J.: 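Once you've had a glance at the structure underneath, I'll fire off some questions.
Protein chains get the first letters and strands the later ones, always in sequence-line order, with residue 1 at the start of each. Given the structure is predicted, the values throughout are model-derived calculations rather than measurements. These numbers come from the heavy atoms of this one structure, side chains and all, not from hydrogens, waters or symmetry mates.
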Protein chains: 2
Amino acid sequence: MRMNEGVEWALHCCVNLSWIGPDQAVTAAKLAAFYDLPTAYLNKQLQALARAGIVSSSPGPRGGFRLAKAPARITLMDVVAAIEGPEDAFRCTEIRRQGPHAASQAEDPSPCLIDEAMRRAELAWRRELAAQTIADIRGKVEERAPDFPEQVRDWYATGKA
Amino acid sequence: MRMNEGVEWALHCCVNLSWIGPDQAVTAAKLAAFYDLPTAYLNKQLQALARAGIVSSSPGPRGGFRLAKAPARITLMDVVAAIEGPEDAFRCTEIRRQGPHAASQAEDPSPCLIDEAMRRAELAWRRELAAQTIADIRGKVEERAPDFPEQVRDWYATGKA
DNA sequence: GCACAGATACTCGGATAATCGGTGTCCGAGTTCATAAGG
DNA sequence: CCTTATGAACTCGGACACCGATTATCCGAGTATCTGTGC
């Protein structure tokens, strides 16, 4: 079980976009260059964020991506769901209904208890993700490195470190 | 992000093995036939369980698999870790150390805050999995269908539903 | 000087290949049991 | 009749193909800007 690498990229990009602010758009190429990522592939992930309403995209010159909501309203769960899709990691295939006992179990309406247990665990995971926002991450970074946001803004504006 | 299908198989097999008891071994072929699963591939999953010390395996005639520990001492976390491996789903690749800012971040010993947040969520998931045992599942099934364990034992003994 | 039409350059967006892990399968090493010979 | 050596059948165990999803890439549709012309 491995999570898409795009999730990590998307989260970092969201934090960076929160420093840029919603007034100007940043191109996928710039966002990719910041971390030496493949531009076209990062673009694909940003499209997923746009479809989920996390960022908004503008075409043409001066176009690019910007946050579509306040950072405090974007949870990690939102970003993960946007990239990974809404489906659970564990998917019950109802094997209890297969094999020699299919007949005796076919009409049983009660849910698979193993599925229930796994869902309970994933729910806890989702809860924890939903409790953390992009603003939280940003705040903690600023606590540790107060002048980092300014450096980021400068780099995106001038292209020079 | 999709979990191995083998996890579902392994959990169901562990519950079944808990009904059989540790006195007799069950072959991978029998366990597979119970749910119409591919025998050789299920065998692969059972090997993983054996390496993790969850089941013990015996070769030769009258050989097979049996639970190596009391069902109350086998958590869902144990089974998931045995099949999926011990690594986290989210793996921080430290992209903050790449690109133009590599130099300024190279010596920063503080952990990646995004990685921390994701780990916190996975920890909650692990906690929930570790809180449920095979014995718990078995107990709930027996509550709902008191004569199901007997049916299972009979099928494994005679091969007839 | 100002408005406007055209061309241009730049951006996202979805459609298209390459690569890796998960899925599925196979045959060999090792062990147990049954058998038969010998004492 | 009991012991022992032999053979055979059965099991797990790891090594070998196959497939789908993730990763990576490319070119086209659309738009804001810039330029040049006419008034």
J.: Which residues satisfy the side chain to side chain contact (heavy atoms under 4.5 Å, CB included) test with B:P22, sequence neighbours excluded?
T.: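 Scan of B:P22 (side chain to side chain contact (heavy atoms under 4.5 Å, CB included), adjacent residues dropped) gives none.
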J.: Please state how far atom CD1 in B:I83 lies from atom P in C:dG24, giving the value in whole angstrom units.
T.: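 The distance from CD1 of B:I83 to P of C:dG24 comes to 14 Å, rounded to the nearest Å.
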J.: Name every donor-acceptor pair, under 3.5 Å, that has one atom in a side chain of residues 47-58 of chain B and the other anywhere in the protein, sequence neighbours excluded.
T.:
none

J.: How many Å lie between CG on B:L42 and C1' on C:dG22, as a whole number?
T.: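 Going from B:L42 (CG) to C:dG22 (C1'), I get 16 Å.
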J.: Does the pair A:W19 and A:E142 meet the rule for a side chain to side chain donor-acceptor pair (under 3.5 Å), with working shown?
T.: CA-CA 10 Å; A:W19 280 319; A:E142 290 175 356; 2.8 Å; yes
J.: Rounded off to whole Å, could you give me the CD-to-C1' distance for the A:Q45 and D:dA21 pair?
T.: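 Interatomic distance, CD of A:Q45 to C1' of D:dA21: 13 Å.
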J.: For the helix from C:dG1-D:dC39 to C:dG39-D:dC1, figure out the bend between the end axes, five pairs an end, and round to 10 degrees.
T.: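 Helix axis angle between the two ends: 10°.
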J.: Can you name the side chain to side chain contact (heavy atoms under 4.5 Å, CB included) partners of A:I20, sequence neighbours left out?
T.: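 Only A:Q24, A:V26, A:Y156 meet the side chain to side chain contact (heavy atoms under 4.5 Å, CB included) criterion with A:I20.
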J.: Who pairs with B:D136 by side chain to side chain contact (heavy atoms under 4.5 Å, CB included), at least two apart in sequence or on another chain?
T.: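 Listed in chain order: B:Q132, B:T133.
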J.: With sequence neighbours excluded, what pairs up with A:A29 under the side chain to side chain contact (heavy atoms under 4.5 Å, CB included) test?
T.: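 A:A29 satisfies side chain to side chain contact (heavy atoms under 4.5 Å, CB included) with A:T27, A:T39 only.
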J.: Rounded to the nearest Å, what distance is computed from the CE atom of residue A:M1 to the C1' atom of nucleotide C:dT23?
T.: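 It works out to 18 Å between those atoms.
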J.: Taking only the side-chain nitrogens and oxygens of B:Y41, find out if one of them lies under 4.0 Å from OP1 or OP2 of C:dT23.
T.: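 So the side chain of B:Y41 is within the cut-off, an N or O lying under 4.0 Å from OP1 or OP2 of C:dT23.
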J.: Does the B:D36 side chain pair with the main chain of B:A33, one donor and one acceptor, at a distance under 3.5 Å?
T.: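 Between the backbone of B:A33 and the side chain of B:D36 there is no qualifying donor-acceptor contact (under 3.5 Å).
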J.: Output the rounded distance in Å from CG (B:L37) to P (C:dT25).
T.: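 In whole Å, C:dT25 P and B:L37 CG are 11 Å from each other.
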J.: Any ring-ring contact (aromatic ring centres under 6.0 Å, His included) involving residues 37-56 of chain A? Give me the pairs, sequence neighbours left out, ordered by first then second residue.
T.: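 Listed by first then second residue: A:W9-A:Y41.
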J.: Over how many whole Å does the gap from B:D36 atom CG to C:dG24 atom P extend?
T.: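 Computing the B:D36:CG to C:dG24:P distance gives 13 Å.
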J.: What is the separation between atom CZ on B:R2 and atom C1' on C:dC20, rounded to the nearest whole Å?
T.: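 Rounded to whole Å, this separation is 14 Å.
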J.: Please list, pair by pair, any protein nitrogen or oxygen found under 3.5 Å from a nitrogen or oxygen in nucleotides 7-13 of chain D.
T.:
from   : atom 1 : to    : atom 2 : distance (Å)
D:dT11 : O4'    : B:G60 : O      : 3.1
D:dC12 : OP1    : B:A28 : N      : 3.0
D:dC12 : O3'    : B:S57 : OG     : 3.4
D:dG13 : OP1    : B:S57 : OG     : 2.6
D:dG13 : OP2    : B:S57 : OG     : 3.4
D:dG13 : N7     : B:N43 : ND2    : 3.2
D:dG13 : N7     : B:Q47 : NE2    : 3.4

J.: Can you pull the salt bridge (charged side-chain N to carboxylate O under 4.0 Å, His left out) pairs that have at least one residue in residues 86-95 of chain B, sequence neighbours excluded?
T.: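 Passing the test, one end in residues 86-95 of chain B: B:E87-B:R91, B:D88-B:R119, B:D88-B:R126, B:E94-B:R96, B:E94-B:R97.
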J.: Can you list every pair that meets side-chain hydrogen bond (donor to acceptor under 3.5 Å, both in side chains) and has a residue in residues 61-73 of chain A, with sequence neighbours left out?
T.: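 Passing the test, one end in residues 61-73 of chain A: no pairs.
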J.: I need the residues from residues 3-24 of chain B with at least one non-hydrogen atom less than 4.0 Å from DNA chain C; give them sorted by number, or say none.
T.: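 Under 4.0 Å from DNA chain C: B:N4, B:E5, B:W9.
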J.: Restricting to salt bridge (Lys or Arg N to Asp or Glu O under 4.0 Å), what partner residues turn up for B:R153, sequence neighbours left out?
T.: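 Partners of B:R153 by the salt bridge (Lys or Arg N to Asp or Glu O under 4.0 Å) criterion, ordered by chain and then number, come out as B:E150.
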J.: Tell me: NZ of A:K44 to C1' of D:dA21, nearest whole Å?
T.: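 In whole Å, D:dA21 C1' lies 12 Å from A:K44 NZ.
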